[in-house]
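Here's the structure we're looking at; comments come further down.
In this text the structure is predicted, and so the values were computed from the model without any measurement. Residue numbers begin at 1 in each chain, while the letters A, B, ... track the order of the sequences.
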Amino acid sequence: MTKKEVRNFLIAMALFVLAALLPIADSGYWLSIGVTIATYMVLSTSWALFSGPTHYISLATGAFYGIGMFIVGGGIDLLPYWMLVVIAGCAGAILAALIGLATLRLSGVYFVIFTLGLAEFVRQIVTWIQTTMGSSSGLYVLTDLNDTIIYWELLVLGALVYLIGWWINRSRLGFALRIIGNDEVVAVHCGINTAYSKVILFIFSGTVATIVGALLAPRLSYIESNIAFSPMLSFIVVITALLGGAQKLWGPIVGVIPFMLVWDFLTATFPNQTTLMLGICFLLVVYLIPNGFAGLIEKYLPLRHQER
Amino acid sequence: MNALSALSVQNTTKRFGGLVAVNQMSFELRTHEVLGLIGPNGSGKTTMLNVISGALKANSGFVSLFGKVISDQPANLIARSGIARTFQLVRTLNSMNALENVEAGGVFGHRRLWKNSLRSQAIEMLDKVGMAGSMNNPISSLTYIDQKRIELARALMSNPRLLLLDEWLAGLNPSELQIGIDVINNLKSEGHTIIIVEHVMDAIRSLCDRCVVMNTGKKIAEGKPEEVLEDEGVIQAYLGSEHA
Amino acid sequence: MEILLGGILLGGTYALIAMGLQLQYGVSRIMNLANGEVLVAGSFCAFWLFMGAQVNPILAIIVIAPAAYILNWFIYTYFLRPLVKRSKTQGHLEVDSILSTFGISFIFIGLMHAIFGGEYFNYEYLEIPYEIFGQAYGVNRIIAFICAVIFALSLYVWLSKTRSGLKLRAVSVNPESAKLVGIDVDKTSAMAFSLGGAVTAAGGSLISMFDTFDASIGVVFTMKALIIVILGGVKEIKGTIVAAFVLGLAETAVATLIDPGLTLAAAFLLFILVLLFRPQGLFGRESP
């Protein structure tokens, strides 16, 4: 590791410890928004690991997240909670692999549409299974896990995502993805198995999203398909990641924190206009800050040394 | 098939709907040979290269590299088995600098370098194409010929067993052209096996050991450059029948 | 038989809305994810005109379609053209336009929600049963079908037989070459985009005759139109029409035989199958 990497690592550690202390300072509003921010931090960062370099916009986050919730909801009476989280991760990985193999050979538009429909598709299937099996439309998840523990769980997961992301960016896989993002034809003729590289990253982000859903299930305590498969979630992940800058590992978190604070305020003040505001956010990001906050920071802070 | 055959194309056909772009093409290429693939515009040269490099799948026939059939493989595996190429319209990786562009060719293909050996090889390749001075420059700051050189260096990074150059000399001015010809000549003297698709006849004459001439997807002549360029059929194909 | 007729009736309107999207994606190369919202806006206008002034929804199209044309022209000129100019590659434009049209669609939903509220809407127009082969169908459905077919056919004839239609098709096949033969690609793209919007809104008016709708249903129609276009092959108009009927039949079959709650799932399944086995579409061709 270079000196700079050691420094960055220490800064990250300090921030992590600082973030972990939040539940001690406050257990009401700030912890609750802390959980939300931690949730989107994990989701957006893992989303950007896949979508940043490849430019494939995935709207599947909500589907994975919902599946994670339902796995916990469906199995909580049968198996221990931690095992359900593991199962959720595996299920997410398998689903992501199948989706990736089917769609990632094709152009980005097909992928967007596919993932857009996925959450609704899964929701219809889940609802249909529930009604034909005669069970009620919701599931109870009653555990003794409170917000503090969920918050810490998410922080640890987030730290893991960062470590893996950092490792991927330094590896051949990360280099391959950057080449793919630049020009897929060149990538193929350089000998890169483009489908494989993309699928691996998509599996990673799908697995993380499913685990996040599983971790958050105890917080809701009553899980219903309309809430678990909310399409809004996928869009907020996209917008926060882009707002921060999807090209950098640390980009999404720079977007998540201010966005969630403002968003929380706005949705509380104008509860009926959330869709309209989300639309405006999308347009603002596309037209005014196409490279996100990370892009702005890089542009206006003079670079001290050429980065790799 | 003789033992020295580097590439063998046999009865290859490629159709797009009703259009037959490559029609029953067959030819051989020996090791250390430089072959010119020439013909008028739209005669199927680039499609032929795309079939060899795996960008397109042939409808029938097969291609083999050193006796091993490759035409049933995807393009990335063909690259890995040792075919590298450049593109008719230069394709560079625009968000990366010159050095990274070159490195891209040496990590996943026929050679799988990483870290220090990758970097030193990439610098060596940049030097070979005369670009060592601009290794940290962003691609967008380079001129067209320099981008073409970067693309060539990227192809060479994999230490290819066969190099495909698709109109690599097109669009260069006379002095650049001479530099370009010298670069390829050096590769030739190093013993590279190369297929050149080209319109610049001076380059064909000075570089190629042999030529294959295509017209409307078919091979119409094959032989030494000076011979095929005198051939009645070839002149007719290039200039139209009224000139013959 | 019931499934067959129901599917055909549904397929007619689907063909129309898919052609709207196809004009936008095939010619202007913009994947307009706000397409479904334009459709719903058309439905709301028809509803409003019918409830307010008793205007029949077919006549209302005379107002709705030009209004949608102007609105879409505005969207293209002020929102999408800057993206076309700014993007260096087709891939870049794709990402930008997807995000931008998502934004526009949310704004549409938000506005419609603010004006009309979140309830479901429908109105009764010609809800007279009419028997075909022993099975009753609403006259409104049949009329909507006939109108859709007339519109779709005239659009098809216009595209394939007239000079301006030829322009559109030229830009669709190759914008670079179209430029060389003196076609104003930018203008033609704007026109195709606006026309696509107008066709979609007209479809919305027709759908409102027999279906319930709400402010946020647009995305369902966007999905369906996209699935049809991809199923038929992006640049194949005939393919789109056939695919629209395929989807109409598949949905009706699933709704009658299994569960009406699974229609979108059926459409989606069809989509998966196409992606897996024929990604260029049923009628699509490989290009050099």
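- Around atom OH of A:Y196, no more than 12 heavy atoms belonging to other residues, nucleotides or ligands sit under 6.0 Å away.
- How far CD1 of A:I179 is from CE of B:M96: 5.0 Å, rounded to the nearest 0.5 Å.
- At a 4.5 Å heavy-atom cutoff, the contact between B:L113 and chain A is made by backbone atoms alone.
- Taking B:A104, B:S81, B:G106 one by one and counting their heavy-atom pairs under 4.5 Å with chain A, the maximum is reached by B:A104.
- At a 4.5 Å heavy-atom cutoff, the contact between A:S171 and chain B is made by backbone atoms alone.
- Proximity to chain A involves both the backbone and the side chain of B:A75, based on heavy atoms less than 4.5 angstrom apart.
- The shortest non-hydrogen separation linking A:R172 to B:R112 is NH2-O, 3.4 Å.
- None of B:R85, B:R154, B:E151 except one satisfies the side chain to side chain contact (heavy atoms under 4.5 Å, CB included) rule with A:V186; the exception is B:R154.
- To the nearest 0.5 Å, atom CG of residue B:L93 and atom CD1 of residue A:I180 are 11.0 Å apart.
- The 12-atom threshold is not exceeded at CE of A:M13, counting heavy atoms of other residues, nucleotides or ligands nearer than 6.0 Å.
- Expressed to the nearest 0.5 Å, how far CZ of B:R80 lies from CG of A:N193 amounts to 7.0 Å.
- Contacts between A:A176 and chain B at a heavy-atom distance below 4.5 Å involve backbone atoms as well as side-chain atoms.
- Looking at B:S158, there are no atoms closer than 4.5 Å to chain A (heavy atoms on both sides), in backbone or side chain.
- Across every non-hydrogen atom of B:A79 and A:C190, the tightest pair is CB-C, 4.1 Å.
- Taking the six-membered ring where the residue is Trp, A:H189 and B:F87 present perpendicular rings, their angle passing 60° and hence far from 30°.
- At least one donor-acceptor pair under 3.5 Å links the side chain of A:N182 to the backbone N or O of B:N94.
- Residue B:A155 does not touch chain A at all, counting heavy-atom pairs closer than 4.5 Å.
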